[in-house]
Amino acid sequence: MSNELLTSLAIFTLAILVGFEVISKVPATLHTPLMSGANSIHGIVLVGAMIIAAEADNPVSYTLAFVAMVFGAMNVVGGYVVTDRMLQMFRKKPTAAKAGTEGASSAPGA
Amino acid sequence: MSNELLTSLAIFTLAILVGFEVISKVPATLHTPLMSGANSIHGIVLVGAMIIAAEADNPVSYTLAFVAMVFGAMNVVGGYVVTDRMLQMFRKKPTAAKAGTEGASSAPGA
Amino acid sequence: MSQQWIFTIVYLAWLAGAACFVLGLHRMNSPATARDGNRLSAAGMAVAVVATLVYLITRDGGLSGVALGIIVIGFVIGGGAGLYTARSVKMTAMPQLVSLFNAVGGGAAALVAIDDFIRLNSGAPVDTTIFVVLGALIGSVTFSGSLIAGGKLQGLIAGKPIYVPGGQIVTIAIALVAFLGTVALILGSAGVFALGSTATLGLLFLVVAAGLIFGITMVLPIGGADMPVVISLLNSFTGTAAAMAGFVLGNPVLIISGALVGASGAILTKLMADAMNRSVLNIMVGGFGGGDEAAGAVAGAGGTVREIGADDVAIQLAYAQSVIIVPGYGLAVAQAQHAVRELAELLESKGVDVKYAIHPVAGRMPGHMNVLLAEANVPYPQLKEMDEINPEFDRADVALVIGANDVTNPAARRPGSPVSGMPILDVDHAKSIVVIKRSMGRGYAGIDNELYSNPKTGMLFADAKEGLAALTAAVKAL
Amino acid sequence: MSQQWIFTIVYLAWLAGAACFVLGLHRMNSPATARDGNRLSAAGMAVAVVATLVYLITRDGGLSGVALGIIVIGFVIGGGAGLYTARSVKMTAMPQLVSLFNAVGGGAAALVAIDDFIRLNSGAPVDTTIFVVLGALIGSVTFSGSLIAGGKLQGLIAGKPIYVPGGQIVTIAIALVAFLGTVALILGSAGVFALGSTATLGLLFLVVAAGLIFGITMVLPIGGADMPVVISLLNSFTGTAAAMAGFVLGNPVLIISGALVGASGAILTKLMADAMNRSVLNIMVGGFGGGDEAAGAVAGAGGTVREIGADDVAIQLAYAQSVIIVPGYGLAVAQAQHAVRELAELLESKGVDVKYAIHPVAGRMPGHMNVLLAEANVPYPQLKEMDEINPEFDRADVALVIGANDVTNPAARRPGSPVSGMPILDVDHAKSIVVIKRSMGRGYAGIDNELYSNPKTGMLFADAKEGLAALTAAVKAL
Ligand SMILES: NC(=O)c1ccc[n+]([C@@H]2O[C@H](COP(=O)([O-])OP(=O)(O)OC[C@H]3O[C@@H](n4cnc5c(N)ncnc54)[C@H](OP(=O)(O)O)[C@@H]3O)[C@@H](O)[C@H]2O)c1
Ligand SMILES: NC(=O)c1ccc[n+]([C@@H]2O[C@H](COP(=O)([O-])OP(=O)(O)OC[C@H]3O[C@@H](n4cnc5c(N)ncnc54)[C@H](OP(=O)(O)O)[C@@H]3O)[C@@H](O)[C@H]2O)c1
């Protein structure tokens with residue numbers, strides 16, 4: 001393998017180790033927010049989309065890049081916002097109520 | 001900075017993150033063995049010593065490399081063995097006794 | 001500033017972003033710091049994206065107007081859509097939204113890989129090909145799989161397991177096609193045999209199509225109740241796909257973040273499965289046609305049970321010292337969260353001490369009850385985690401069980417039942433027990449609940465919302 | 001097999017080794033898996049070293065006979081020395097041995113850096129120079145510092161803080177020299193000003209020398225009791241030095257392992273300091289001449305205390321239902337571990353239930369008491385951790401405190417004393433308390449212990465070993 005690939009592999013391995021270590025005993029109520037948080041992180045493909053957009057030079061690539069951009073941006077922005085809303089409920093006392101109302105009021109009966 | 005250096009930096013950063021995450025709440029009795037275990041790991045400089053030994057081409061380098069080899073090997077071998085002995089005491093029941101005797105008997109009153 | 005210097009700064013920014021993701025996840029392990037954690041992670045993302053933009057603009061060749069347009073417009077549209085849905089979705093509908101976001105993430109990863117493949121076409125060295133194909137494949141599986149999972153949670157697709165006749169064979173066949181296609185592409189690029197560039201493209205699309213179908217056939221046969229676990233698993237897949245894209249583009253932040261999510265997602269999936277004592281494997285095997293017939297409520301006969309009317313319950317409640325409310329899946333189905341809060345407030349106004357007992361896996365997603373009750377403005381301090389509340393049942397006058405079943409089933413204390421080993425709420429320690437549910441229907445685990453034949457137990461057969469309304473009226477009438 | 005392929009395998013082996021280190025450390029977090037963890041880590045080390053050897057031999061140019069000789073002979077000598085000392089050292093002397101190993105590790109890192117510097121001399125680019133110089137500097141500091149720390153624990157150097165007149169100024173001056181030297185070298189290699197190759201070498205040796213002296217002046221003024229923390233800190237330094245060497249040689253396994261130890265060592269240092277509620281900072285500041293006058297036992301007057309004779313104590317013990325032994329630093333100083341075991345066995349033969357209460361920071365190193373008593377073959381199950389034993393003091397007839405002081409001091413329960421906030425053993429809950437120590441001398445924290453003026457307390461003033469011998473005799477005589 002090329003040296004670049006080898007160092008990339010090293011980075012990959014270390015990142016996996018970090019991933020394994022970083023999640024410790026989490027209270028069950030945090031499972032969903034944590035999943036949602038991780039979900040936002042892989043929105044990083046947005047960076048990938050930007051790079052292919054920059055390299056695009058034909059209609060096909062343009063389309064692919066554009067759709068990838070839309071998808072990626074949705075993942076990132078939506079992911080972080082929804083996670084933040086989930087986590088509001090962990091703010092103790094009445095404030096928790098506000099979180100609720102917002103959730104309820106602005107609900108289009110989805 | 002050169003790209004090699006940058007990837008090395010990435011690897012360095014990730015390894016630091018792993019290091020921070022890998023140590024969790026440890027019972028105080030494990031502090032010393034854990035320190036000793038980590039101590040053995042940095043014996044990895046042995047690899048460095050081997051590399052400079054291979055590159056040595058003059059008396060000075062020979063000497064430096066040799067001393068480095070001796071030091072490194074001592075760190076590695078001694079480190080792992082002493083850690084292992086410390087950890088024997090965590091084997092429950094009578095076996096724990098054996099660990100003790102060995103420790104006591106083979107002691108040259110160090 | 002020289003090219004190399006700008007790149008250095010960009011690279012360091014990428015690294016900083018990745019570090020923020022790690023520290024963010026770390027802080028999300030505990031409720032107190034979780035919110036900052038998520039924001040730190042978001043900040044990291046912003047840094048990484050801006051850095052990339054700078055990099056693309058400053059590198060020689062620069063950024064063509066078209067490309068810039070694609071990036072900006074694409075971001076605005078996608079970001080806008082994400083922002084709107086995320087802010088407007090009902091709290092209880094969040095899991096399916098997460099699933100949707102996961103789907104598009106996977107889709108993006110697949111598209112990036114495909115585009116790379118087209119560009120490198122046939123010119124690519126073996127290792128690049130491997131990563132490209134894997135990225136495209138995994139990406140497509142998560143795309144279709146997450147859409148199905150979300151659809152099930154949203155109720156667009158029947159939540160109960162769907163078995164296509166011979167579905168199992170189909171799934172396996174598809175998997176085989178995907179696998180063979182991948183191998184062929186890799187060998188082709190390794191030059192083991194010659195593949196025309198059209199053949200190569202054709203093969204890639206075959207693999208992608210197979211991936212998309214596989215995602216569907218894998219998730220369809222899994223019961224809606226297991227979706228949280230499935231989504232978490234697909235989430236970890238998407239991470240891996242992103243990492244693959246990173247390998248192709250040789251981009252560190254993609255590799256690091258992708259691998260990070262891949263690994264932490266896997267751990268999280270296991271934690272989730274453990275919490276509802278299921279194994280990830282047998283959940284997914286369910287996906288291959290086996291197991292899990294249990295899921296879905298089948299009407300079944302219990303022992304001799306005592307029915308009780310709303311008025312009697314009202315009296316019990318009104319004159320009790322302390323009442324513990326045990327909400328379950330049924331409360332969510334009936335959307336009775338506001339009704340229960342009303343009743344609770346009414347009782348408190350009469351000086352009754354009211355608490356909610358939250359079982360970690362009550363409902364159909366972790367934290368389901370917290371989200372549900374938070375939406376109804378139930379003050380957070382009134383929600384008690386299982387370990388905290390269990391001792392208090394001994395002192396409680398009435399345990400009011402609303403649409404909860406398995407999480408109260410004493411059978412869990414004995415071996416040999418599907419729920420064995422799952423910690424339960426000690427409802428049966430209360431002086432008196434009232435259960436509101438529509439029938440003797442079973443819960444997720446599909447077994448009868450001897451709690452209902454307990455002499456202390458009175459059954460109030462009703463839809464949770466109507467039952468609670470009736471109770472509130474009755475208490476007012478006293 | 002082509003060069004590149006061999007290198008690929010070597011590289012992957014290095015990576016596998018590094019992964020073993022991580023997983024090893026992970027398993028060392030809990031007693032049950034700690035031992036395997038250490039062995040896994042050792043296996044990783046073996047893999048990494050062998051891989052390196054293969055790499056050096058197979059790369060073109062190969063390995064000269066001399067080089068091979070240096071490697072093999074050096075390894076045999078160093079490894080042999082390490083093996084012998086590690087196997088023969090007394091358990092209670094292990095911490096100083098660890099410190100010695102840490103010293104040589106740091107030394108090796110420094111030598112590698114120095115050698116590289118000589119080779120690259122003046123030809124080196126800025127960044128390389130930075131890493132080389134840092135490696136050499138940090139390496140030398142840990143080398144001399146760890147030697148002093150070990151010496152203090154071993155008693156070769158007075159354990160109590162040693163203040164050279166004006167030592168503080170000296171330390172700072174040295175630090176300054178080292179810093180300026182480093183800067184000069186870096187600017188030099190950056191070409192800001194020209195440095196002849198001899199000048200450069202001279203500067204490097206100046207830096208190294210300064211590092212060595214700094215290590216000494218930094219550790220000397222720190223009390224022996226704080227050595228475990230200091231060693232752990234230096235340990236983390238060595239890791240960093242190894243990582244620097246890795247940067248210079250562009251070797252991944254060195255960078256990863258070094259950084260790993262650097263970070264985990266830092267966390268561990270904090271945990272250790274917390275366990276004996278000290279802050280790392282004020283321990284090290286002690287090293288700069290400030291704080292820590294407390295350490296070392298200063299004779300001081302307590303309240304009115306009741307003396308008690310061996311015979312009376314013997315009767316109390318012999319007719320007690322249950323006795324809890326509280327060992328402390330004094331037991332270690334007096335090397336009375338065997339004596340205490342004898343007494344305990346004698347009492348058990350008389351049907352007395354005997355337990356040992358182990359405070360996490362009793363003695364002068366974490367786990368000191370466990371090691372000490374394990375050496376005397378005290379069955380491990382008899383050793384009770386603090387949280388486990390504290391409730392039992394209420395039921396204990398006699399608490400026999402042997403050379404323990406701070407860990408029993410009720411002052412810790414109130415704010416405003418040096419030990420405030422440190423969890424203590426609830427010795428004063430026992431029906432009767434006997435304390436064996438030589439005098440009213442103070443402990444590590446340097447404060448009086450009101451336990452001794454407690455009416456329930458009888459003081460048996462004696463060296464721990466002699467006192468216990470007297471007790472055993474007296475009990476036999478009954
Ligand atoms: N929380 C999670 O993450 C998660 C994920 C997957 C699976 N699970 C599993 O789901 C179960 C959760 O236990 P649970 O006690 O909350 O729920 P459950 O055991 O599934 O029981 C729910 C009960 O609610 C009743 N119900 C349904 N609709 C109702 C309505 N409209 N009004 C009133 N009652 C209604 C049903 O009985 P009737 O039909 O007679 O009304 C059913 O017995 C556990 O087995 C858990 O392992 C949890
Ligand atoms: N465990 C660790 O990792 C660690 C590390 C650093 C500091 N520390 C600190 O060390 C202290 C440990 O508490 P500790 O109660 O174990 O010890 P201590 O508080 O230091 O007290 C030891 C006592 O033993 C007595 N003693 C000394 N030599 C003796 C002998 N030969 N025979 C009988 N008694 C003798 C001394 O009193 P006399 O002089 O009157 O005999 C002294 O009061 C804590 O303050 C802890 O924070 C612990």
Side-chain angles (χ1 to χ4, degrees), chain A residues 5 8 11-12 15-16 18-20 22-24 26 28-29 31-32 34-39 41-45 47-54 61 64-75 77-84 87 89-90 92 96-97 100 103-104 106-108 110, chain C residues 21-22 25-26 28-29 31 34-35 38 42 52 56 63 67 70-71 74-75 77-79 81-83 86 88-91 93 98 101-102 104-105 107-109 111-112 115 232 235 238-239 242 245 249 254-257 259-261 263-265 267 272 275 360 366-367 370 374-375 377 380:
Chain A
L5 182 55
S8 301
I11 291 179
F12 182 71
I16 286 183
V18 179
F20 281 142
V22 76
I23 304 288
S24 48
V26 198
T29 37
H31 286 169
T32 308
L34 199 50
M35 169 173 80
S36 180
N39 170 63
I41 292 177
H42 61 53
I44 192 73
V45 283
V47 169
M50 291 168 76
I51 294 177
I52 64 167
S61 290
L64 290 174
F66 180 73
V67 181
M69 274 304 299
V70 175
F71 279 4
M74 191 167 169
N75 185 174
V77 178
Y80 281 113
V81 174
V82 80
T83 312
D84 191 62
L87 289 169
M89 76 182 184
F90 289 104
K92 302 256 171 297
S106 60
Chain C
F21 296 153
V22 175
L25 277 182
H26 181 100
M28 287 186 75
N29 278 327
R35 206 161 180 217
N38 184 53
T52 312
L56 293 174
L63 198 56
I70 290 178
I71 291 178
F75 186 88
I77 296 180
L83 186 63
S88 58
V89 67
K90 254 186 142 169
M91 280 208 158
V98 173
F101 292 151
N102 186 37
V104 291
L111 292 173
V112 172
D115 182 74
S232 174
N235 182 33
T238 314
L249 301 171
L254 275 176
I255 297 179
I256 298 176
S257 321
L260 181 66
V261 175
S264 53
I267 299 281
M272 282 178 147
N370 303 62
E375 184 194 334
N377 304 351
Y380 188 70

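Residue numbers start from 1 in every chain, and the chains themselves are labelled A, B, ... in the order their sequence lines are given, proteins ahead of strands.
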Q) Which atom names give the shortest non-hydrogen contact between A/Phe66 and C/Ile70, and what distance separates them? A) CA-CG2, 3.7 Å
Q) Between C/Asn29, C/Ile267, C/Leu254, which shows the greatest number of heavy-atom pairs under 4.5 Å with chain A? A) C/Asn29
Q. With chain C, which of A/Gly37, A/Ala65, A/Ala49, A/Ser61 has the greatest number of heavy-atom pairs at distances under 4.5 Å?
A. A/Ser61
(Q) Minimum heavy-atom separation for A/Gly72 and C/Ala108, please, with both atom names. (A) N-CB, 4.0 Å
Q. Distance from C/Ile256 atom CD1 to A/Ile44 atom CD1, nearest 0.5 Å?
A. 9.5 Å
Q) With a 4.5 Å heavy-atom cut-off, do C/Asn102 and A/His42 have their side chains touching? A) yes
**Q.** Heavy-atom closest pair, residues A/Ala73 and C/Phe75
**A.** CB-O, 3.7 Å
(Q) Which one wins on heavy-atom pair count under 4.5 Å against chain C: A/Asn39, A/Thr83, A/Val47, A/Ile51? (A) A/Asn39
Q: Identify which of C/Ile77, C/Thr238, C/Val22 forms the greatest number of heavy-atom pairs closer than 4.5 Å to chain A.
A: C/Thr238
Q) Is there a side-chain contact between C/Leu25 and A/Leu34, using heavy atoms and a 4.5 Å cut-off? A) yes
Q: Count the heavy-atom pairs under 4.5 Å between each of C/Gly265, C/Ala109, C/Ala259 and chain A, then report the option with the highest count.
A: C/Ala259
Q: Working to the nearest 0.5 Å, report the span between CG of C/Leu260 and CZ of A/Phe20.
A: 11.0 Å
Q. Checking C/Leu83 against chain A: side chain, backbone, both or neither under 4.5 Å from a heavy atom?
A. both
Q) Of the non-hydrogen atoms in A/Asp84 and C/Asn38, which two are nearest, and what is the gap between them? A) N-ND2, 3.5 Å
Q) Nearest 0.5 Å, what's the CD1-CD1 distance between C/Ile255 and A/Ile11? A) 6.0 Å
Q) Is there side-chain contact between A/Leu87 and C/Met28, with at least one heavy-atom pair below 4.5 Å? A) yes
Q | Taking every non-hydrogen atom, the tightest pair across A/Val82 and C/Val98 | A | CG1-CG2, 4.3 Å
Q.
Looking at every non-hydrogen atom in both residues, tell me the closest pair between C/Leu111 and A/Ala68 and how far apart they are.
A. CD1-N, 3.7 Å
Q. If you count heavy-atom pairs under 4.5 Å between each of C/Ala81, C/Ala245, C/Ser232 and chain A, which one has the most?
A. C/Ser232
(Q) Between C/Asn235 (side chain only) and A/Ser36 (backbone N and O only), is there a donor and an acceptor less than 3.5 Å apart? (A) no
Q: Enter the distance from C/Leu63:CG to A/Met50:CE here, rounded to the nearest 0.5 Å.
A: 8.0 Å
